[in-house]
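Read the numbers this way: they start at 1 and go in the same order the structure lists the ligands and their atoms.
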Amino acid sequence: MIANNHHSLIALSLIVAVASVLFAFKEEDERFSLEGFTMGTSYQIQLIEVPGEGEPGALAGEVQNMLSRLDRGIFSTYVPGSELSRLNSYEVGKPFTVSQEMLEVLVLAREVFTSTSGAFDPTVGPLVNLWGFGPKDNLPEVSIPNSKDIEEARIRMGFENLMIDENRSQVSKTRDLMIDLSAIAKGYAVDQVSSLLDEWGLESYFIEIGGELKMRGLKGDGSSWVPAIEAPIDQESQVYEIFSSLGQTIAVAGSGDYRNYFEVDGVRYSHEIDPRTGMPIAHALAAAYVIADSAALADALATAYMVMGEELAYLHAEERSIAAFLIVNRGTVFAKSVSSAFKPYLLDQ
Ligand code: ADP
Ligand code: MG
């Protein structure tokens with residue numbers, strides 16, 4: 001017994017040693033980078049400098065812990081014990097105490113739900129599952145759901161059916177909702193990592209989780225970060241437009257119908273679903289990008305814009321001075337529609 005215990009101790013310390021090497025920032029080209037997987041996608045963080053000798057490992061460990069708490073602990077619909085999964089299976093009408101992170105995301109989600117007249121609605125869960133984009137699904141085997149199932153799913157929807165008591169940090173469902181925060185949680189995770197880097201006193205960094213970005217300060221050579229918007233095509237990654245952070249702290253998020261979709265008889269069914277019809281979006285807007293202070297807000301708005309379509313999205317952005325970059329499919333070519341607040345960031349203006 002004792003020998004066994006001893007062995008497992010050695011094995012454990014080896015795992016810890018290997019892990020800390022894997023989780024440390026890599027130094028390259030006068031930058032430190034950290035890569036990994038979270039929320040069903042990859043992430044990447046670049047730092048121009050790290051505070052103090054030997055601390056990159058400690059910072060990397062904090063980033064990993066934070067992401068795993070946000071993913072597996074809170075927002076995952078794949079992990080049965082996550083906070084969101086527990087809320088989804090919780091009794092209707094009974095108050096459920098939420099974490100600070102969950103509360104912040106739900107409050108912001110409610111704001112975007114309201115300002116987009118329900119185009120952004122995290123209660124689309126039942127429809128997401130029905131259309132085959134949910135946690136248990138295997139995309140190639142999807143078929144088109146019948147209208148009766150869609151109607152049944154829609155009865156369980158509507159973010160107005162989630163009561164949020166901010167003072168008590170409690171929420172309760174007035175219907176059997178299935179909440180899906182996939183369109184905002186990645187952005188929120190970017191914001192959380194950004195706050196952590198700020199706390200570490202870092203003034204220049206670039207964070208990316210599954211295509212949602214936040215950047216601060218300048219690169220090592222004193223120039224601004226230059227994010228690229230890719231062309232809305234699924235075959236390859238091609239740069240469509242580049243812009244500059246102008247040295248500001250900005251978040252950028254995008255949403256598109258060109259990567260996560262399935263096709264039946266030549267018709268494309270996107271993973272952005274219009275909560276008001278129960279159908280995957282089907283219009284000419286191929287991708288929407290938003291710049292905002294918060295990546296969570298940018299993420300939610302980008303998804304809302306995909307649902308709203310070109311005209312309504314553009315109006316929404318113009319009326320509220322939101323920086324939006326929309327790529328519209330005009331049959332044989334793509335055209336861009338850029339809101340006034342986005343224009344200063346473009347390099348060729
Ligand atoms: P990505 O995950 O590719 O960045 P989005 O941010 O647009 O794309 O999130 C899409 C996901 O959000 C879908 O897979 C689905 O889980 C969920 N979703 C789909 N339609 C809506 C909607 N109208 N409102 C809120 N969430 C949605
Ligand atoms: Mg989104």
Side-chain angles (χ1 to χ4, degrees), residues 38-43 71 75-78 84-85 88 105-106 108-137 139 142 150 153-154 157-160 162 177-191 208-214 229-230 232 234 251-262 269-283 285-292 294-309 312-313 316 322 324 326-327:
T38 189
M39 299 185 161
T41 184
S42 61
Y43 73 86
D71 180 14
F75 296 115
S76 176
T77 47
Y78 292 66
L84 185 56
S85 298
N88 280 337
V105 168
L106 291 176
L108 178 64
R110 185 174 56 186
E111 275 168 37
V112 180
F113 167 75
T114 307
S115 103
T116 63
S117 310
F120 176 82
D121 186 346
T123 65
V124 287
L127 284 172
V128 172
N129 289 346
L130 205 54
W131 283 98
F133 296 103
K136 295 189 185 69
D137 294 306
L139 272 186
V142 165
I150 294 177
R154 290 184 63 205
M157 284 185 49
F159 203 65
E160 72 278 7
L162 184 76
L177 302 177
M178 188 193 288
I179 298 167
D180 173 350
L181 296 167
S182 310
I184 187 170
K186 272 185 291 170
Y188 182 75
V190 168
D191 290 330
E208 183 254 340
I209 303 179
E212 323 301 8
L213 322 174
K214 190 152 186 177
I229 288 176
E230 63 177 356
D234 60 350
V252 191
S255 192
D257 72 349
Y258 55 98
R259 194 150 286 152
N260 206 338
Y261 66 89
F262 68 88
Y269 294 92
S270 153
H271 77 142
E272 274 95 22
I273 291 167
D274 190 335
R276 298 157 301 185
T277 60
M279 302 292 287
I281 54 162
H283 48 58
L285 184 55
Y289 290 83
V290 172
I291 299 179
S294 134
L297 176 63
D299 194 359
L301 282 175
T303 301
Y305 286 174
M306 281 308 295
V307 173
M308 292 159 84
L312 287 178
H316 184 278
I322 292 167
L326 310 172
I327 307 181

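In this structure, the side chains of Tyr43 and Lys186 stay at 4.5 Å or more apart for every pair of heavy atoms. The closest side-chain heavy-atom distance from Phe262 to Phe133 is below 4.5 Å. Within the 4.5 Å cutoff, no side-chain heavy atoms of Val190 are placed close to those of Asp299.
Closest of all the heavy-atom pairs between Ala295 and Gly187 is CB-O, 3.2 Å. Between Thr116 and Arg276, the shortest heavy-atom contact is O-NH1, 4.2 Å. Tyr258 and Ala286 make their closest contact through CD2-O, 3.6 Å (heavy atoms, listed as atom of the first residue, atom of the second, distance). A pairwise comparison of heavy atoms in Leu181 and Pro122 identifies CD2-CB, 3.7 Å as the closest pair. Residue Gly118 comes nearest to Pro275 through the heavy atom pair O-CG, 3.3 Å, listed as atom of the first residue, atom of the second, then distance. Closest non-hydrogen pair, Leu108 versus Leu297, comes out as CD2-N, 3.6 Å.
If you look at Phe133 next to ligand 1, there are no close heavy atoms at all, none under 4.0 Å. The part of Ala119 lying near ligand 1 is the backbone, judged by heavy-atom distances below 4.0 Å.
For Glu272, a nitrogen or oxygen atom sits less than 3.5 Å from a nitrogen or oxygen atom of ligand 1, counting backbone and side chain alike.
Counted by atom type alone, Thr303 and Glu272 present zero donor-acceptor pairs between their side chains at under 3.5 Å. Of the N and O atoms on the side chains of Ser182 and His271, not one donor lies less than 3.5 Å from an acceptor on the other residue.
Among the atoms of Glu212, none of the N, O or S atoms falls under 2.8 Å from the Mg ion (ligand 2). Metal site remark for the Mg ion (ligand 2): Thr303 contributes an N, O or S atom at a distance under 2.8 Å.
Per-residue contacts place Asp299 under 4.0 angstrom from the following atoms of ligand 1 (heavy atoms of the residue considered): 6 (O). Applying the 4.0 Å criterion to heavy atoms of Ser182 picks out, from ligand 1, the atoms 11 (C), 12 (O), 16 (O). Close approach of ligand 1 to Val307 (heavy-atom distance below 4.0 Å) involves ligand atoms 23 (N). Near Pro275, meaning under 4.0 Å from any of its heavy atoms, are these atoms of ligand 1: 23 (N). The contact set between ligand 1 and Phe120, taken as ligand atoms under 4.0 Å from a residue heavy atom, comprises 24 (N), 25 (C). Atoms of ligand 1 lying under 4.0 Å from at least one heavy atom of Val128, given by number and element, are 15 (C), 16 (O). Per-residue contacts place Glu212 under 4.0 angstrom from the following atoms of ligand 1 (heavy atoms of the residue considered): 4 (O).
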Stepwise side chain to side chain contact (heavy atoms under 4.5 Å, CB included) check, Val252 with Val290
CA-CA 6 Å; Val252 191; Val290 172; over 6 Å; no
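At the top of the distance list for atom 13 (C) of ligand 1, counting protein heavy atoms only, stands His271 O, 3.3 Å. The protein heavy-atom contact nearest to atom 21 (C) of ligand 1 is Val124 CG2, 3.7 Å. Ranking the protein heavy atoms by distance from atom 24 (N) of ligand 1 puts Asp121 N, 3.0 Å first. Of the protein's non-hydrogen atoms, the one nearest atom 15 (C) of ligand 1 is Asp180 OD2, 3.5 Å. For atom 12 (O) of ligand 1, the closest heavy atom belonging to the protein is Ala183 CB, 3.3 Å.
The aromatic rings of Trp131 and Tyr269 lie parallel to each other, with less than 30° between the two planes, well short of the 60° mark.
Of the candidates Val112, Thr116, Thr303, Thr41, it is Thr303 that places a heavy atom closest to atom 6 (O) of ligand 1. One option in Thr123, Leu181, Ile273, Ile179 has a heavy atom closer to atom 23 (N) of ligand 1 than any other, and that option is Ile273. Residue Lys186 holds the heavy atom nearest to atom 2 (O) of ligand 1 of all those in Lys186, Met306, Met308.
Residue contacts with ligand 1 do not include Gly211, since none of its heavy atoms lies under 4.0 Å from the ligand.
Nearest N/O/S atom of Asp299 with respect to the Mg ion (ligand 2) is recorded as OD1.
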